[in-house]
Peer 1: 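Submitted below is the structure of interest, expressed as structure tokens.
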Amino acid sequence: MSQIPKVHFEAASTLAVVISSNEPLLFLSADLRIIAASASFCRAFEIAPASVAGKRLGELGHGEWAMPRLESLLTATVNGSASIDAYEIDLKRPDLKTRQLIINARKLDDGDLEHIRLLVAITDVTDMRAEARLKDDLVRDKAILLQEVQHRVANSLQIIASVLMQSARRVQSEEVRGHLHDARQRIMSIAALQRQLSTSAGGNVELRAYFTQLCQSLGASMIADPERLSIQVKVDDSSVLADVSISLGLIVTELVINALKHAFTDDRNGTIEIDYRSSGKDWTLSISDNGIGMPVGNDTPKAGLGTGIVEALVKNLEGEIELSDADPGTVVTIRHNEASSLRTGFSPAA
């Protein structure tokens, strides 16, 4: 018959704490015999409290606690050569669900070197891990669904753009045809963004790849002679949230379309350059060309829909816009300064 280990006087208080604890605790001797187990331990693992004291750890229940690796770590903890911090085990019991447990163990220094004691805490994380896996599955399913929606939206936008192009070919009015072409370019830019979003992980969009793809799309549809006109993209390694990329992409689209329509009306060779640089939360976007420059006087065009779109988007991004003469050409610069935004207390529009 197994003998209940004697308890040193200084450990009596620990024994009382273990027995009354609301958490699953074990109080072990150096040879891994049970001195005491909390009522919550016995209740959680369906072990009769009267059968616990004096048994070795591996003898509990139906032998499911006989885990060589766990016993080896506990023995090393007794010897002072190791400690158990958040050690995870699977408790496998006949005809019962496997439980995932976290084990923490400490050697108690109660002044009696001849009677070393261990305090072992057991945390059942089975339900927590199951909830985490369910959440991960839901997030993954949502991401797959979102990619499918984005793909379908991009396809739908391309269909709309094709319909607009067909309509433009049929109309007689040059003004109406121009408006239809502009609408098509705006739709194509959004379609390009949707394609980029469908391949972006974590809700972030890499701007270099996005701007490059966007400008390739614009160039293919609006530049008849690539030897005469080109679009260059110079962007650092910045990535932004999807909603920010939408605004930046639309700004680039509007300003590139404007430059292609108005900066090279004399059939000169030229280049449009998109440059984006960021430092922390501050960033600068510039769209420049080496075309005919800014018109003055009566030649100055009236602000149209594109100008209104750009101004609204820049405001939404808490940025400032600046138009300057590049001599030759024009530069449009949009800057976002986090410190300035905080000082003015500006909040982006919903």
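Computation of the quantities below employed the complete heavy-atom set of this structure, encompassing side-chain atoms and omitting hydrogens, waters and symmetry-equivalent molecules.
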Peer 1: Do Arg106 and Asp85 sit within salt-bridge range, that is, some charged N less than 4.0 Å from a carboxylate O?
Peer 2: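 Yes.
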Peer 1: May I have the step-by-step check of side chain to side chain contact (heavy atoms under 4.5 Å, CB included) for Thr333 and Arg335, ending in yes or no?
Peer 2: CA-CA 6 Å; Thr333 305; Arg335 293 186 178 88; 3.6 Å; yes
Peer 1: Would you say Ile34 and Leu91 are hydrophobically clustered, going by side-chain heavy atoms of ILVMFWY under 4.5 Å?
Peer 2: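 Hydrophobic grouping puts Ile34 with Leu91.
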Peer 1: Give the C-alpha distance, both sets of side-chain angles, the deciding distance and a yes or no for side chain to side chain contact (heavy atoms under 4.5 Å, CB included) between Asp275 and Ser288.
Peer 2: CA-CA 8 Å; Asp275 187 282; Ser288 60; over 6 Å; no
Peer 1: When rounded to the nearest 0.5 angstrom, what is the spacing between OG1 in Thr284 and CD in Glu320?
Peer 2: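 These two atoms lie 10.5 Å from each other.
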Peer 1: Return yes when atom CG of Asp136 has more than 12 non-hydrogen atoms of other residues, nucleotides or ligands closer than 6.0 Å, and no otherwise.
Peer 2: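 Counting neighbours around CG of Asp136, more than 12 heavy atoms of other residues, nucleotides or ligands fall under 6.0 Å, so yes.
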Peer 1: Hey, could you give me the OG1/CG distance between Thr123 and Leu101, rounded to the nearest 0.5 Å?
Peer 2: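 Here the interatomic distance stands at 8.5 Å.
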Peer 1: Would you please test Ile257 and Thr253 for side chain to side chain contact (heavy atoms under 4.5 Å, CB included) and show each step?
Peer 2: CA-CA 6 Å; Ile257 290 175; Thr253 297; 3.7 Å; yes
Peer 1: Just say parallel, tilted or perpendicular for the rings of Trp283 and His336, cut-offs at 30° and 60°.
Peer 2: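 Geometry flag for His336 against Trp283: parallel rings.
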Peer 1: Applying a strict under-4.5 Å side-chain criterion to I, L, V, M, F, W and Y, I'd like to know whether Ile309 and Ile251 cluster together.
Peer 2: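 In one cluster with Ile309: Ile251, yes.
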Peer 1: Does Asp237 come within less than 4.0 Å of Arg208, counting only side-chain N to carboxylate O?
Peer 2: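 The answer is yes: the pair qualifies as a salt bridge.
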Peer 1: Would you give the length of the straight line joining atom CG of Leu96 to atom NE2 of His62, rounded to the nearest 0.5 angstrom?
Peer 2: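 Result: 8.0 Å between the selected atoms.
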Peer 1: Can you tell me how far CG of Leu218 sits from CD1 of Ile272, rounded to the nearest 0.5 angstrom?
Peer 2: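 Between Ile272 CD1 and Leu218 CG, I get 9.0 Å after rounding to 0.5 Å.
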Peer 1: To the closest 0.5 Å, what do you measure between CD (Glu71) and CZ (Arg69)?
Peer 2: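 That separation rounds to 12.5 Å.
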Peer 1: If hydrophobic clusters are built by linking Ile, Leu, Val, Met, Phe, Trp and Tyr wherever their side-chain heavy atoms come under 4.5 Å apart, do Leu26 and Ile102 end up in the same one?
Peer 2: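 Looking at the clustering, Ile102 is in a separate group from Leu26.
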Peer 1: May I have all residue pairs that pass side-chain hydrogen bond (donor to acceptor under 3.5 Å, both in side chains) and include part of residues 36-53, sequence neighbours excluded?
Peer 2: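 For residues 36-53, and leaving out neighbouring residues, the side-chain hydrogen bond (donor to acceptor under 3.5 Å, both in side chains) pairs sorted by first residue read Ser38-Ser40.
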Peer 1: Within the side chain of Asn104, is there an N or O that forms a donor-acceptor pair under 3.5 Å with the backbone of Ala121?
Peer 2: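 Answer holds: no.
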Peer 1: About how many Å separate CZ of Phe45 and CG of Leu60, when rounded to the nearest 0.5 Å?
Peer 2: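 These two atoms lie 10.5 Å from each other.
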Peer 1: Just do the side chain to side chain contact (heavy atoms under 4.5 Å, CB included) check on Leu285 and Val252 with the steps written out, would you?
Peer 2: CA-CA 9 Å; Leu285 169 66; Val252 169; 4.1 Å; yes
Peer 1: Say whether Ile287 and Val244 are linked into one hydrophobic cluster, either directly or through other cluster members, by side-chain heavy-atom distances under 4.5 angstrom.
Peer 2: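 Ile287 clusters together with Val244.
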Peer 1: Taking 4.0 angstrom as the limit, do Lys281 and Glu318 come out as a salt bridge?
Peer 2: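 Result for this pair is no, no salt bridge flagged.
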Peer 1: Quick one: side-chain contact (heavy atoms from CB on, under 4.5 Å) partners of Arg56, sequence neighbours excluded?
Peer 2: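 Residues passing side-chain contact (heavy atoms from CB on, under 4.5 Å) with Arg56: Asp31, Leu32, Arg33, Glu59.
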Peer 1: Salt bridge (charged side-chain N to carboxylate O under 4.0 Å, His left out) between Glu88 and Arg129: does it pass, once the steps are laid out?
Peer 2: CA-CA 12 Å; Glu88 186 166 339; Arg129 293 292 167 79; 2.7 Å; yes
